[in-house]
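Take a look at the structure set out below.
Reminder, nothing fancy here: chain letters follow the sequence lines and each chain counts from 1.
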2 protein chains.
Amino acid sequence: MQQPATLTPSPEAIVDLLGVLAYGELTAFNRLAADAWLAPTLGGRAALAKMASAEIGHYGRLADRLGELGVDPEVAMAPFVGPLDAFHESTLPADWLEGLVKAHVFDGIAADFYTEIAAWLDPPTRALVLDVLEDSGHAAFAVHEVRTAIAADDRLAARLSLWARRLVGEALSQAQHVAAERDALTELIITGSGDLAAIGALFGRLTDAHVARMRRLGLSS
Amino acid sequence: MQQPATLTPSPEAIVDLLGVLAYGELTAFNRLAADAWLAPTLGGRAALAKMASAEIGHYGRLADRLGELGVDPEVAMAPFVGPLDAFHESTLPADWLEGLVKAHVFDGIAADFYTEIAAWLDPPTRALVLDVLEDSGHAAFAVHEVRTAIAADDRLAARLSLWARRLVGEALSQAQHVAAERDALTELIITGSGDLAAIGALFGRLTDAHVARMRRLGLSS
(Lines give C-alpha, C1' and ligand atoms only; values in the text may rest on other atoms or scores of the structure.)
Protein backbone atom coordinates (compact mmCIF):
# COMPACT_ATOMS: atom_id res chain seq x y z
CA MET A 1 0.00 0.00 0.00
CA GLN A 2 1.65 3.22 -1.18
CA GLN A 3 0.32 5.88 1.10
CA PRO A 4 1.59 9.42 0.48
CA ALA A 5 3.61 10.78 3.37
CA THR A 6 1.60 14.00 3.42
CA LEU A 7 -1.96 14.34 2.23
CA THR A 8 -3.94 17.54 2.40
CA PRO A 9 -7.56 16.79 1.51
CA SER A 10 -9.23 19.59 -0.42
CA PRO A 11 -11.73 21.72 1.53
CA GLU A 12 -14.41 20.44 -0.87
CA ALA A 13 -13.64 16.85 0.10
CA ILE A 14 -13.85 17.65 3.83
CA VAL A 15 -17.19 19.44 3.37
CA ASP A 16 -18.51 16.53 1.29
CA LEU A 17 -17.37 14.05 3.90
CA LEU A 18 -18.96 15.98 6.79
CA GLY A 19 -22.07 16.53 4.66
CA VAL A 20 -22.59 12.85 3.82
CA LEU A 21 -21.90 11.86 7.42
CA ALA A 22 -24.36 14.48 8.71
CA TYR A 23 -27.12 13.39 6.37
CA GLY A 24 -26.32 9.79 7.21
CA GLU A 25 -26.87 10.54 10.92
CA LEU A 26 -30.11 12.42 10.23
CA THR A 27 -31.51 9.51 8.19
CA ALA A 28 -30.19 7.03 10.76
CA PHE A 29 -32.26 8.90 13.35
CA ASN A 30 -35.43 8.61 11.28
CA ARG A 31 -34.73 4.99 10.37
CA LEU A 32 -34.10 3.90 13.96
CA ALA A 33 -37.13 5.87 15.15
CA ALA A 34 -39.27 4.05 12.59
CA ASP A 35 -37.69 0.71 13.60
CA ALA A 36 -38.49 1.52 17.23
CA TRP A 37 -42.14 1.59 16.29
CA LEU A 38 -41.83 -2.01 15.00
CA ALA A 39 -40.38 -3.29 18.28
CA PRO A 40 -42.25 -6.26 19.76
CA THR A 41 -41.85 -4.88 23.32
CA LEU A 42 -41.88 -1.43 24.93
CA GLY A 43 -38.35 -2.15 26.21
CA GLY A 44 -37.16 -2.77 22.64
CA ARG A 45 -38.90 0.40 21.49
CA ALA A 46 -37.19 2.46 24.19
CA ALA A 47 -33.80 0.88 23.39
CA LEU A 48 -34.04 1.80 19.71
CA ALA A 49 -35.32 5.29 20.54
CA LYS A 50 -32.24 5.87 22.72
CA MET A 51 -29.96 4.78 19.89
CA ALA A 52 -31.78 7.12 17.51
CA SER A 53 -31.13 9.94 19.98
CA ALA A 54 -27.40 9.16 19.97
CA GLU A 55 -27.38 9.61 16.19
CA ILE A 56 -28.96 13.04 16.41
CA GLY A 57 -26.30 14.04 18.95
CA HIS A 58 -23.70 13.04 16.36
CA TYR A 59 -25.57 15.02 13.72
CA GLY A 60 -25.38 18.12 15.90
CA ARG A 61 -21.58 17.85 16.21
CA LEU A 62 -21.13 17.48 12.45
CA ALA A 63 -23.49 20.39 11.74
CA ASP A 64 -21.58 22.54 14.26
CA ARG A 65 -18.27 21.68 12.58
CA LEU A 66 -19.69 22.58 9.16
CA GLY A 67 -20.86 25.88 10.66
CA GLU A 68 -17.33 26.56 11.97
CA LEU A 69 -16.03 25.99 8.42
CA GLY A 70 -18.52 28.60 7.22
CA VAL A 71 -20.71 26.07 5.42
CA ASP A 72 -24.49 25.81 5.86
CA PRO A 73 -25.14 22.17 6.89
CA GLU A 74 -28.18 22.02 4.59
CA VAL A 75 -25.99 22.98 1.61
CA ALA A 76 -23.34 20.41 2.56
CA MET A 77 -25.93 17.65 2.94
CA ALA A 78 -27.90 18.47 -0.23
CA PRO A 79 -25.87 16.35 -2.71
CA PHE A 80 -26.39 13.23 -0.59
CA VAL A 81 -30.13 13.51 0.06
CA GLY A 82 -31.10 11.87 -3.24
CA PRO A 83 -28.79 8.81 -3.07
CA LEU A 84 -29.35 8.14 0.66
CA ASP A 85 -33.12 8.57 0.43
CA ALA A 86 -33.18 6.32 -2.65
CA PHE A 87 -31.24 3.66 -0.75
CA HIS A 88 -33.58 3.80 2.23
CA GLU A 89 -36.73 3.86 0.12
CA SER A 90 -35.58 0.81 -1.84
CA THR A 91 -34.79 -1.09 1.36
CA LEU A 92 -37.68 -0.41 3.74
CA PRO A 93 -37.65 -3.17 6.38
CA ALA A 94 -40.81 -5.26 6.46
CA ASP A 95 -40.42 -6.05 10.15
CA TRP A 96 -38.42 -5.60 13.33
CA LEU A 97 -35.69 -8.13 12.44
CA GLU A 98 -35.16 -6.75 8.94
CA GLY A 99 -34.77 -3.29 10.50
CA LEU A 100 -32.16 -4.55 12.96
CA VAL A 101 -30.22 -6.41 10.26
CA LYS A 102 -30.32 -3.39 7.97
CA ALA A 103 -29.02 -0.98 10.59
CA HIS A 104 -26.31 -3.38 11.68
CA VAL A 105 -25.11 -4.31 8.18
CA PHE A 106 -25.34 -0.85 6.64
CA ASP A 107 -23.95 1.11 9.59
CA GLY A 108 -21.18 -1.48 9.97
CA ILE A 109 -19.97 -1.08 6.40
CA ALA A 110 -20.35 2.70 6.53
CA ALA A 111 -18.41 2.95 9.81
CA ASP A 112 -15.58 0.74 8.46
CA PHE A 113 -15.40 2.82 5.29
CA TYR A 114 -15.35 6.22 7.02
CA THR A 115 -12.81 4.94 9.56
CA GLU A 116 -10.45 4.17 6.67
CA ILE A 117 -10.97 7.66 5.24
CA ALA A 118 -10.50 9.26 8.67
CA ALA A 119 -6.87 8.08 8.68
CA TRP A 120 -6.11 10.57 5.90
CA LEU A 121 -7.62 13.61 7.60
CA ASP A 122 -6.21 16.35 9.82
CA PRO A 123 -6.27 15.31 13.51
CA PRO A 124 -9.30 17.38 14.69
CA THR A 125 -11.50 16.27 11.75
CA ARG A 126 -10.28 12.69 12.20
CA ALA A 127 -11.19 12.76 15.90
CA LEU A 128 -14.66 14.14 15.11
CA VAL A 129 -15.32 11.51 12.42
CA LEU A 130 -14.17 8.64 14.65
CA ASP A 131 -16.27 9.98 17.52
CA VAL A 132 -19.51 10.21 15.57
CA LEU A 133 -18.97 6.72 14.14
CA GLU A 134 -18.93 5.25 17.62
CA ASP A 135 -21.49 2.49 17.97
CA SER A 136 -24.50 3.53 20.07
CA GLY A 137 -24.94 -0.01 21.41
CA HIS A 138 -27.00 -1.07 18.40
CA ALA A 139 -24.54 -3.79 17.30
CA ALA A 140 -24.71 -5.88 20.48
CA PHE A 141 -28.46 -5.34 20.67
CA ALA A 142 -29.03 -6.41 17.05
CA VAL A 143 -26.81 -9.50 17.38
CA HIS A 144 -28.68 -10.59 20.49
CA GLU A 145 -32.16 -10.06 19.01
CA VAL A 146 -31.37 -11.66 15.64
CA ARG A 147 -29.60 -14.72 17.12
CA THR A 148 -32.45 -15.25 19.58
CA ALA A 149 -35.02 -15.09 16.77
CA ILE A 150 -33.03 -17.47 14.54
CA ALA A 151 -32.62 -19.94 17.40
CA ALA A 152 -36.42 -20.04 17.69
CA ASP A 153 -37.06 -20.34 13.93
CA ASP A 154 -34.16 -21.40 11.72
CA ARG A 155 -35.94 -20.55 8.44
CA LEU A 156 -35.41 -16.91 9.41
CA ALA A 157 -31.66 -17.22 8.76
CA ALA A 158 -32.16 -17.82 5.03
CA ARG A 159 -34.62 -14.94 4.65
CA LEU A 160 -32.46 -12.47 6.60
CA SER A 161 -29.28 -13.55 4.77
CA LEU A 162 -30.99 -12.82 1.45
CA TRP A 163 -32.19 -9.48 2.81
CA ALA A 164 -28.64 -8.52 3.82
CA ARG A 165 -27.34 -9.38 0.36
CA ARG A 166 -29.97 -7.11 -1.20
CA LEU A 167 -28.97 -4.30 1.17
CA VAL A 168 -25.31 -4.54 0.17
CA GLY A 169 -26.24 -4.53 -3.52
CA GLU A 170 -28.44 -1.41 -3.14
CA ALA A 171 -25.82 0.36 -1.02
CA LEU A 172 -23.06 -0.28 -3.59
CA SER A 173 -25.32 0.98 -6.35
CA GLN A 174 -26.01 4.28 -4.53
CA ALA A 175 -22.34 4.61 -3.50
CA GLN A 176 -21.40 4.46 -7.20
CA HIS A 177 -23.81 7.33 -7.93
CA VAL A 178 -22.14 9.40 -5.22
CA ALA A 179 -18.63 8.52 -6.42
CA ALA A 180 -19.52 9.48 -9.98
CA GLU A 181 -20.83 12.91 -8.95
CA ARG A 182 -18.62 14.03 -6.09
CA ASP A 183 -15.17 14.46 -7.63
CA ALA A 184 -13.46 15.88 -4.54
CA LEU A 185 -14.59 12.99 -2.35
CA THR A 186 -13.60 10.39 -4.94
CA GLU A 187 -10.23 12.13 -5.39
CA LEU A 188 -9.68 11.95 -1.62
CA ILE A 189 -10.28 8.19 -1.63
CA ILE A 190 -7.99 7.62 -4.61
CA THR A 191 -5.19 9.86 -3.28
CA GLY A 192 -5.60 8.58 0.27
CA SER A 193 -5.47 4.94 -0.75
CA GLY A 194 -2.37 5.56 -2.86
CA ASP A 195 -3.17 3.52 -5.96
CA LEU A 196 -5.73 1.18 -7.50
CA ALA A 197 -4.29 -1.88 -5.77
CA ALA A 198 -4.68 -0.10 -2.43
CA ILE A 199 -8.31 0.74 -3.22
CA GLY A 200 -8.82 -2.94 -4.00
CA ALA A 201 -7.26 -3.84 -0.66
CA LEU A 202 -9.56 -1.35 1.11
CA PHE A 203 -12.63 -2.97 -0.41
CA GLY A 204 -11.20 -6.35 0.56
CA ARG A 205 -10.99 -5.24 4.19
CA LEU A 206 -14.57 -3.88 4.09
CA THR A 207 -15.78 -7.19 2.66
CA ASP A 208 -13.93 -9.27 5.26
CA ALA A 209 -15.40 -7.19 8.08
CA HIS A 210 -18.88 -7.53 6.55
CA VAL A 211 -18.55 -11.32 6.35
CA ALA A 212 -17.45 -11.44 10.00
CA ARG A 213 -20.40 -9.24 11.02
CA MET A 214 -22.85 -11.48 9.18
CA ARG A 215 -21.38 -14.53 10.91
CA ARG A 216 -21.86 -12.89 14.32
CA LEU A 217 -25.52 -12.30 13.42
CA GLY A 218 -25.82 -16.00 12.57
CA LEU A 219 -26.29 -15.21 8.87
CA SER A 220 -24.45 -16.27 5.71
CA SER A 221 -23.04 -13.67 3.33
CA MET B 1 -59.72 25.53 47.34
CA GLN B 2 -59.59 23.18 50.33
CA GLN B 3 -56.24 21.46 50.03
CA PRO B 4 -55.41 18.89 52.71
CA ALA B 5 -52.42 19.90 54.82
CA THR B 6 -50.82 16.51 54.40
CA LEU B 7 -51.35 14.24 51.45
CA THR B 8 -49.61 10.91 51.00
CA PRO B 9 -50.36 9.61 47.52
CA SER B 10 -50.71 5.84 47.41
CA PRO B 11 -47.80 3.92 45.86
CA GLU B 12 -50.22 2.78 43.14
CA ALA B 13 -50.97 6.40 42.22
CA ILE B 14 -47.26 7.26 41.99
CA VAL B 15 -46.55 4.23 39.80
CA ASP B 16 -49.53 5.11 37.58
CA LEU B 17 -48.36 8.68 37.29
CA LEU B 18 -44.77 7.71 36.41
CA GLY B 19 -46.13 5.05 34.04
CA VAL B 20 -48.41 7.39 32.10
CA LEU B 21 -45.66 10.03 31.94
CA ALA B 22 -43.13 7.44 30.72
CA TYR B 23 -45.43 6.13 28.00
CA GLY B 24 -46.26 9.72 27.10
CA GLU B 25 -42.56 10.46 26.57
CA LEU B 26 -42.05 7.30 24.53
CA THR B 27 -44.97 8.16 22.23
CA ALA B 28 -43.84 11.80 22.09
CA PHE B 29 -40.51 10.54 20.79
CA ASN B 30 -42.16 8.54 18.02
CA ARG B 31 -44.59 11.32 17.20
CA LEU B 32 -41.90 14.01 16.95
CA ALA B 33 -39.67 11.66 14.94
CA ALA B 34 -42.53 11.11 12.48
CA ASP B 35 -43.19 14.87 12.39
CA ALA B 36 -39.49 15.43 11.66
CA TRP B 37 -39.94 13.43 8.49
CA LEU B 38 -42.67 15.89 7.38
CA ALA B 39 -40.40 18.92 7.80
CA PRO B 40 -40.13 21.12 4.71
CA THR B 41 -36.41 21.71 5.32
CA LEU B 42 -33.50 19.64 6.60
CA GLY B 43 -33.01 22.25 9.33
CA GLY B 44 -36.60 21.73 10.49
CA ARG B 45 -36.11 17.98 10.40
CA ALA B 46 -32.98 18.20 12.54
CA ALA B 47 -34.72 20.56 15.00
CA LEU B 48 -37.63 18.15 15.55
CA ALA B 49 -35.26 15.19 15.80
CA LYS B 50 -33.37 16.96 18.59
CA MET B 51 -36.62 17.60 20.46
CA ALA B 52 -37.57 13.93 20.06
CA SER B 53 -34.22 13.01 21.59
CA ALA B 54 -34.94 15.20 24.62
CA GLU B 55 -38.16 13.23 25.19
CA ILE B 56 -36.33 9.93 25.22
CA GLY B 57 -33.91 11.33 27.78
CA HIS B 58 -36.92 12.14 29.96
CA TYR B 59 -38.28 8.65 29.37
CA GLY B 60 -35.01 7.18 30.65
CA ARG B 61 -35.24 9.12 33.92
CA LEU B 62 -38.84 8.01 34.54
CA ALA B 63 -37.98 4.38 33.74
CA ASP B 64 -35.00 4.56 36.11
CA ARG B 65 -37.22 5.92 38.89
CA LEU B 66 -39.78 3.14 38.35
CA GLY B 67 -36.90 0.66 38.54
CA GLU B 68 -35.80 2.16 41.88
CA LEU B 69 -39.36 1.65 43.13
CA GLY B 70 -39.07 -2.01 42.13
CA VAL B 71 -41.52 -1.69 39.24
CA ASP B 72 -40.84 -2.88 35.69
CA PRO B 73 -41.41 0.19 33.47
CA GLU B 74 -43.22 -1.97 30.90
CA VAL B 75 -45.70 -3.07 33.55
CA ALA B 76 -46.24 0.51 34.75
CA MET B 77 -46.80 1.78 31.21
CA ALA B 78 -49.07 -1.06 30.09
CA PRO B 79 -52.44 0.43 31.26
CA PHE B 80 -51.80 3.60 29.27
CA VAL B 81 -50.70 2.08 25.96
CA GLY B 82 -54.27 1.57 24.72
CA PRO B 83 -55.66 5.05 25.47
CA LEU B 84 -52.54 6.95 24.33
CA ASP B 85 -52.18 4.91 21.14
CA ALA B 86 -55.89 5.37 20.43
CA PHE B 87 -55.53 9.12 20.86
CA HIS B 88 -52.54 9.30 18.51
CA GLU B 89 -54.08 7.00 15.90
CA SER B 90 -57.26 9.09 15.84
CA THR B 91 -55.27 12.31 15.43
CA LEU B 92 -52.54 11.56 12.89
CA PRO B 93 -51.34 14.89 11.48
CA ALA B 94 -51.82 15.26 7.74
CA ASP B 95 -48.90 17.64 7.38
CA TRP B 96 -46.06 19.48 9.07
CA LEU B 97 -48.23 22.27 10.54
CA GLU B 98 -50.84 19.89 11.96
CA GLY B 99 -47.99 17.97 13.61
CA LEU B 100 -46.60 21.14 15.19
CA VAL B 101 -50.02 22.30 16.43
CA LYS B 102 -50.78 18.86 17.82
CA ALA B 103 -47.53 18.60 19.76
CA HIS B 104 -47.87 22.14 21.08
CA VAL B 105 -51.52 21.90 22.11
CA PHE B 106 -51.41 18.38 23.53
CA ASP B 107 -48.05 18.66 25.31
CA GLY B 108 -49.11 22.04 26.68
CA ILE B 109 -52.29 20.72 28.28
CA ALA B 110 -50.52 17.60 29.53
CA ALA B 111 -47.68 19.62 31.07
CA ASP B 112 -50.12 22.00 32.81
CA PHE B 113 -52.10 19.05 34.15
CA TYR B 114 -49.11 17.12 35.49
CA THR B 115 -47.63 20.30 36.97
CA GLU B 116 -50.80 20.67 39.06
CA ILE B 117 -50.54 17.05 40.20
CA ALA B 118 -46.82 17.45 40.98
CA ALA B 119 -47.69 19.93 43.74
CA TRP B 120 -49.21 17.06 45.75
CA LEU B 121 -46.21 14.72 45.51
CA ASP B 122 -43.21 14.08 47.74
CA PRO B 123 -40.34 16.48 46.87
CA PRO B 124 -38.07 14.05 44.92
CA THR B 125 -40.95 12.76 42.76
CA ARG B 126 -42.20 16.32 42.29
CA ALA B 127 -38.76 17.46 41.13
CA LEU B 128 -38.52 14.56 38.68
CA VAL B 129 -41.98 15.23 37.25
CA LEU B 130 -41.33 18.96 36.83
CA ASP B 131 -37.95 18.22 35.23
CA VAL B 132 -39.28 15.83 32.60
CA LEU B 133 -42.10 18.24 31.74
CA GLU B 134 -39.60 20.92 30.80
CA ASP B 135 -40.20 22.17 27.27
CA SER B 136 -37.55 20.97 24.82
CA GLY B 137 -37.81 24.17 22.78
CA HIS B 138 -40.76 22.88 20.79
CA ALA B 139 -43.15 25.61 21.93
CA ALA B 140 -41.18 28.57 20.59
CA PHE B 141 -40.38 26.63 17.43
CA ALA B 142 -44.03 25.70 16.81
CA VAL B 143 -45.29 29.23 17.47
CA HIS B 144 -42.77 30.67 15.00
CA GLU B 145 -43.52 28.12 12.25
CA VAL B 146 -47.30 28.30 12.62
CA ARG B 147 -47.46 32.11 12.77
CA THR B 148 -45.18 32.39 9.72
CA ALA B 149 -47.38 29.97 7.77
CA ILE B 150 -50.61 31.77 8.77
CA ALA B 151 -49.12 35.12 7.79
CA ALA B 152 -48.53 33.72 4.30
CA ASP B 153 -51.96 32.07 3.96
CA ASP B 154 -54.68 33.22 6.34
CA ARG B 155 -57.08 30.38 5.43
CA LEU B 156 -54.73 28.12 7.37
CA ALA B 157 -55.82 29.67 10.67
CA ALA B 158 -59.38 28.34 10.33
CA ARG B 159 -58.24 24.84 9.37
CA LEU B 160 -55.66 24.62 12.17
CA SER B 161 -58.10 26.03 14.76
CA LEU B 162 -60.58 23.32 13.84
CA TRP B 163 -57.82 20.73 14.05
CA ALA B 164 -56.86 21.89 17.56
CA ARG B 165 -60.48 21.65 18.72
CA ARG B 166 -60.63 18.06 17.44
CA LEU B 167 -57.43 17.26 19.32
CA VAL B 168 -58.81 18.57 22.59
CA GLY B 169 -62.01 16.57 22.13
CA GLU B 170 -60.13 13.32 21.44
CA ALA B 171 -57.74 13.93 24.33
CA LEU B 172 -60.60 14.50 26.79
CA SER B 173 -62.33 11.36 25.58
CA GLN B 174 -59.21 9.22 26.18
CA ALA B 175 -58.53 10.94 29.53
CA GLN B 176 -62.02 9.87 30.66
CA HIS B 177 -61.19 6.24 29.79
CA VAL B 178 -58.04 6.46 31.90
CA ALA B 179 -59.86 8.13 34.82
CA ALA B 180 -62.57 5.45 34.76
CA GLU B 181 -60.03 2.61 34.94
CA ARG B 182 -57.22 3.87 37.15
CA ASP B 183 -58.77 4.32 40.56
CA ALA B 184 -55.56 5.25 42.41
CA LEU B 185 -54.72 8.01 39.96
CA THR B 186 -58.26 9.39 40.00
CA GLU B 187 -58.27 9.23 43.81
CA LEU B 188 -55.01 11.24 43.86
CA ILE B 189 -56.57 13.97 41.72
CA ILE B 190 -59.72 14.12 43.83
CA THR B 191 -57.88 14.09 47.17
CA GLY B 192 -55.17 16.44 45.90
CA SER B 193 -57.66 18.97 44.58
CA GLY B 194 -59.62 18.86 47.82
CA ASP B 195 -63.18 18.84 46.56
CA LEU B 196 -65.29 18.97 43.41
CA ALA B 197 -65.21 22.77 43.23
CA ALA B 198 -61.40 22.61 43.32
CA ILE B 199 -61.37 20.08 40.48
CA GLY B 200 -63.58 22.46 38.53
CA ALA B 201 -61.12 25.26 39.24
CA LEU B 202 -58.24 23.07 38.07
CA PHE B 203 -59.98 22.42 34.75
CA GLY B 204 -60.68 26.14 34.49
CA ARG B 205 -56.97 26.91 34.82
CA LEU B 206 -56.13 24.26 32.18
CA THR B 207 -58.69 25.79 29.81
CA ASP B 208 -57.42 29.34 30.33
CA ALA B 209 -53.85 28.25 29.62
CA HIS B 210 -55.01 26.40 26.50
CA VAL B 211 -56.83 29.49 25.19
CA ALA B 212 -53.73 31.61 25.79
CA ARG B 213 -51.56 29.04 23.98
CA MET B 214 -53.92 29.01 20.99
CA ARG B 215 -53.81 32.80 20.84
CA ARG B 216 -50.00 32.74 20.77
CA LEU B 217 -50.19 30.35 17.82
CA GLY B 218 -52.50 32.81 16.08
CA LEU B 219 -55.43 30.38 16.35
CA SER B 220 -58.91 30.66 17.85
CA SER B 221 -60.08 28.16 20.45
Side-chain angles (χ1 to χ4, degrees), chain A residues 18-67 71-82 84-85 88-89 92 99 136-137, chain B residues 18-67 71-82 84-85 88-89 92 99 136-137:
Chain A
L18 297 175
V20 69
L21 281 167
Y23 194 64
E25 298 286 0
L26 202 49
T27 53
F29 168 82
N30 283 106
R31 194 189 62 208
L32 291 173
D35 289 351
W37 198 248
L38 298 172
T41 65
L42 292 179
R45 201 205 291 186
L48 263 276
K50 271 183 216 172
M51 294 168 201
S53 300
E55 309 285 0
I56 210 66
H58 294 160
Y59 166 82
R61 296 188 54 199
L62 291 161
D64 287 349
R65 180 69 189 136
L66 282 163
V71 181
D72 180 343
E74 295 207 30
V75 172
M77 290 190 285
F80 307 104
V81 171
L84 268 163
D85 283 2
H88 287 299
E89 277 153 30
L92 289 177
S136 60
Chain B
L18 297 175
V20 69
L21 281 167
Y23 194 64
E25 297 285 1
L26 202 49
T27 53
F29 168 82
N30 281 107
R31 195 190 61 208
L32 291 174
D35 289 351
W37 197 249
L38 298 171
T41 64
L42 292 179
R45 202 204 295 185
L48 263 276
K50 270 182 217 175
M51 294 167 201
S53 300
E55 309 286 359
I56 210 66
H58 295 161
Y59 166 82
R61 296 188 54 199
L62 292 160
D64 287 350
R65 180 68 189 138
L66 282 163
V71 181
D72 180 342
E74 295 206 29
V75 173
M77 290 189 283
F80 308 103
V81 171
L84 268 163
D85 283 2
H88 287 300
E89 277 154 29
L92 290 177
S136 59

- Message: Tell me every residue that passes salt bridge (Lys or Arg N to Asp or Glu O under 4.0 Å) with B:Arg45, counting only those two or more places apart in sequence or in another chain.
- Response: none
- Nearest heavy atoms of A:Glu74 and B:Leu42, plus distance in Å: OE1-N, 3.6 Å
- Counting heavy-atom pairs under 4.5 angstrom with chain A, the leader among B:Ala22, B:Ala33, B:Ala52 is B:Ala33
- Item | Shortest non-hydrogen separation from B:Ala46 to A:Leu26 and the atoms involved | CA-CD1, 3.8 Å
- Which residue out of A:Gly60, A:Ala49, A:Gly43 racks up the most heavy-atom pairs below 4.5 Å with chain B? A:Ala49
- Task: Not counting sequence neighbours, which residues clear ring pair (Phe, Tyr, Trp, His ring centres under 6.0 Å) with A:His58? List them please.
- Result: none
